[in-house]
**Student:** 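Can you keep this structure in mind? I'll have questions shortly.
We name chains A, B, ... by the order of the sequence lines, and we start the count at 1 in each one. On a predicted model such as this, the values are computed, not experimentally measured, just so you know.
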Amino acid sequence: MYALIDCNNFFASCERVFNPSLNNKPVVVLSNNDGCVIARSNEAKKLGIPMGAPAFQFEALFERHDVAIYSTNFALYSDMSRRVMSILSNYSPLQEIYSIDECFLDLSGILEDLQKYGIKMRKHVFKWIGIPISIGIAPTKSLAKVANRIAKKFPEKTNNVYVIDTESKREKALKWIDVEDIWGVGRRNAKKLYAINVFKGVEFTELSEAWVLKNMTITGLNLQRDLKGIPSIEMDMSEKKKSIATTRTFEKEYRSFDEVKERVVTFTMLCAEKLRMQHSLCNSLMVFIETARFKESEEFYSNSMLIKLPFPTSSSLELVKFAEEAVQKIYKNHKSYKRAGVVLVDFVSEKSYQTSLFFNSNPKHKKLMEAMDRVNHKYGSNLIRLASQDKGTYKMKQQHLSRAYTTKIDEILEVSL
DNA sequence: TCTGGGGTCCTAGGACCC
DNA sequence: TCTGGGGTCCTAGGACCC
């Protein structure tokens, strides 16, 4: 059996932990630059504020209903996540951290009543961290997702824990769930399914495998089998990321190459630091820039460049050089840039990798980077930086930022990068 | 005035090989 | 009337997730 544990309205719940006066009140958390709504308390959901809603369109409604508004505080949320995950890891040796607020546990070999086991986890996390969670338990991962949805939808009846452990419960659950609400069925697939009169989960499981494979690829077929109760989606316990990205929408539009370049350099520095943290080297680097996509008065321009590196590296100095080269090639004059990003891909382990006959990463950089990371970690991530980085003079719009209650103050600054 | 950020996996088609 | 067959690797783009 697998459990899927999910924190309820995670970001909003994090804010509530440190400000209990928000309990029973509508709370929303906004994306960077206070742009979109990215988390809502149940009360806010009831007011009809949709996920991803542009904040400026809902200002009047926020005002009218006295909605508590927060800027995104990732230093806080990621630290709270770490704590929740750490507690949950006590309930199984096999934990897949699926996202900042969700994890799967493999419950094989747990002899206790699983409903009680789930309730125990819930109480434990709430008592120690103050975050409410919901738990779905079932014979496969996708069914655990369905069970979790039921636990959330009927909190009183289920105590926020629902177990699918019989064939009749599985059928009942699949008759209940709409096909578009199934994990792995997005808008596109839902449309295809509606077109052939498939609306409920159970109808999806009755489709021929050939149809599913043809129209929804192997991913869809694995999902279908998984929902039938045949485990077809494996646990993924790997801790290393396969790509690392830093992308930002700017607080204003940049017209000069130097401004755009400085931001790209800083993004590369952040990516490189994360890359070193997981002891990987990367073989490719992608840079993209784009103009304001919602502006009708100017034509939208977006371009990207993927650079295949001559050698694998995690040196900030080397990666920055390639990133500058890339941004130079895609930057066009007389445009106003609103967003840019850097993505590192194609990783190898720093412990064993193929060296090149002719070119290799400068061996001196390894120690330099180690020293830099150590200093920046201890004294704040801006202490040692490249001259070509931005000077931190730009300011992200964060009018409603809470404190980094559980971490150092300088990590707030890191978020603003 | 104002619309986020960070991931994973799969596939078709091109380029190349013998 | 008519021009082979069998592969691999890479990449861009699509679809999905939170």
**Student:** Are any of the side-chain nitrogens in A:Asp6 or A:Lys145 under 4.0 Å away from the carboxylate oxygens of its partner?
**Tutor:** no
**Student:** Answer with yes or no after comparing the ring centroid distance for A:Tyr337 and A:Tyr331 against a 6.0 Å cut-off, counting only values under it.
**Tutor:** yes
**Student:** Is the phosphate of B:dG7 approached by A:Lys241 (side-chain N or O, under 4.0 Å from OP1 or OP2)?
**Tutor:** yes
**Student:** Does NZ or CZ of A:Lys141 lie under 6.0 Å from the centre of the six-membered ring of A:Tyr2, at an angle within 45° of the ring axis?
**Tutor:** no
**Student:** If you look at every strand shown and take non-hydrogen atoms under 4.0 Å, does A:Glu102 touch a base, only sugar-phosphate, or nothing?
**Tutor:** sugar-phosphate
**Student:** From C-beta outward on A:Phe294, which listed nucleotide comes closest to its side chain: B:dT3, B:dC10, B:dT8?
**Tutor:** B:dT3
**Student:** Taking only N and O in the side chain of A:Lys252, is any of them less than 4.0 Å away from OP1 or OP2 of B:dT1?
**Tutor:** no
**Student:** Are A:Thr247 and B:dG6 close enough that a side-chain N or O sits under 4.0 Å from OP1 or OP2?
**Tutor:** yes
**Student:** With the side chain of A:Thr217 defined as its heavy atoms from C-beta on, choose the nearest nucleotide among C:dA12, B:dG6, B:dC10.
**Tutor:** B:dC10
**Student:** If you compare all heavy atoms of A:Met1 against all heavy atoms of A:Leu114, which two are closest, and at what distance to 0.1 Å?
**Tutor:** CG-CD1, 3.8 Å
**Student:** A:Lys145 side chain N/O closer than 4.0 Å to the phosphate oxygens (OP1, OP2) of C:dC17?
**Tutor:** no
**Student:** Pick base, sugar-phosphate or nothing for A:Asp101, based on heavy-atom distances below 4.0 Å to the nucleic acid.
**Tutor:** sugar-phosphate
**Student:** Backbone N or O of A:Gln95 within a donor-acceptor pair of the A:Ser92 side chain at under 3.5 Å?
**Tutor:** no
**Student:** Give the rounded distance in Å between these two atoms: NZ of A:Lys397 and C1' of B:dC2.
**Tutor:** 6 Å
**Student:** Roughly, in whole Å, what's the span from CZ in A:Arg149 to P in C:dC17?
**Tutor:** 11 Å
**Student:** Taking the side chain of A:Ser31 as heavy atoms from C-beta outward, which of B:dG4, C:dG14, B:dT3 is closest to it?
**Tutor:** B:dG4
**Student:** Base, sugar-phosphate or nothing for A:Arg293? Non-hydrogen atoms, less than 4.0 Å.
**Tutor:** nothing
**Student:** Heavy-atom nearest nucleotide on DNA chain B for A:Lys274 versus A:Phe56: which residue maps closer to 5'?
**Tutor:** A:Phe56
**Student:** Which nucleotide in the list B:dC10, B:dG6, B:dT3 gets nearest to the side chain of A:Ala245?
**Tutor:** B:dG6
**Student:** NA contact type, A:Val343, heavy-atom cut-off 4.0 Å: base, sugar-phosphate, or nothing?
**Tutor:** nothing
**Student:** Could you check whether A:Ile100 gets within reach of a base, just the sugar-phosphate, or nothing at all, counting any heavy atom under 4.0 Å?
**Tutor:** nothing
**Student:** Within the 4.0 Å heavy-atom criterion, would you say A:Ile182 contacts the bases, only the backbone, or no part of the nucleic acid?
**Tutor:** sugar-phosphate
**Student:** Nearest-Å distance, NZ (A:Lys308) to C1' (C:dC10)?
**Tutor:** 9 Å
**Student:** Over how many whole Å does the gap from A:Asn32 atom CG to B:dG6 atom C1' extend?
**Tutor:** 11 Å
**Student:** Is any side-chain nitrogen or oxygen of A:Ser243 closer than 4.0 Å to OP1 or OP2 of B:dT8?
**Tutor:** yes
**Student:** Tell me whether the side-chain N/O atoms of A:Ser99 come closer than 4.0 Å to OP1 or OP2 in B:dG7.
**Tutor:** no
**Student:** Classify the nucleic acid contact of A:Lys191 as base, sugar-phosphate or nothing, counting any heavy atom under 4.0 Å across all strands shown.
**Tutor:** nothing
**Student:** Ignoring backbone atoms, test whether A:Asn189 places a side-chain nitrogen or oxygen under 4.0 Å from the OP1 or OP2 oxygen of C:dC16.
**Tutor:** yes
**Student:** Please work out if A:Phe10 contacts a base, only the sugar-phosphate, or nothing of the nucleic acid, heavy-atom cut-off 4.0 Å.
**Tutor:** nothing
**Student:** To the nearest angstrom, how far is A:Ile218 atom CD1 from B:dA12 atom C1'?
**Tutor:** 16 Å
**Student:** Does A:Arg248 make a side-chain N or O approach to OP1 or OP2 of B:dG6 shorter than 4.0 Å?
**Tutor:** yes
**Student:** Quick check: on DNA chain B, is the nucleotide nearest A:Glu253 upstream (toward 5') of the one nearest A:Lys242, or the reverse? Name the residue that is more 5'.
**Tutor:** A:Glu253
**Student:** For the side chain of A:Asp236, counting heavy atoms from C-beta on, which of B:dG4, B:dC9, C:dC17 is nearest?
**Tutor:** B:dC9
**Student:** Please give me the minimum heavy-atom distance between A:Phe204 and A:Leu193, naming the atom from each residue.
**Tutor:** CD1-CD2, 4.0 Å
**Student:** Given atom CG of A:Asp34 and atom P of B:dG5, what is their separation to the nearest angstrom?
**Tutor:** 12 Å
**Student:** Please give the distance between the C1' atoms of B:dG4 and C:dC17 as a whole number of Å.
**Tutor:** 15 Å
**Student:** Using 30° and 60° as the class boundaries, would you call the ring planes of A:Phe250 and A:Tyr254 parallel, tilted or perpendicular?
**Tutor:** tilted
**Student:** Please give, in whole Å, the distance from B:dG7 P to A:Phe74 CZ?
**Tutor:** 10 Å
**Student:** Nearest whole angstrom, please: distance from the C1' of B:dG7 to the CG of A:Leu344.
**Tutor:** 13 Å
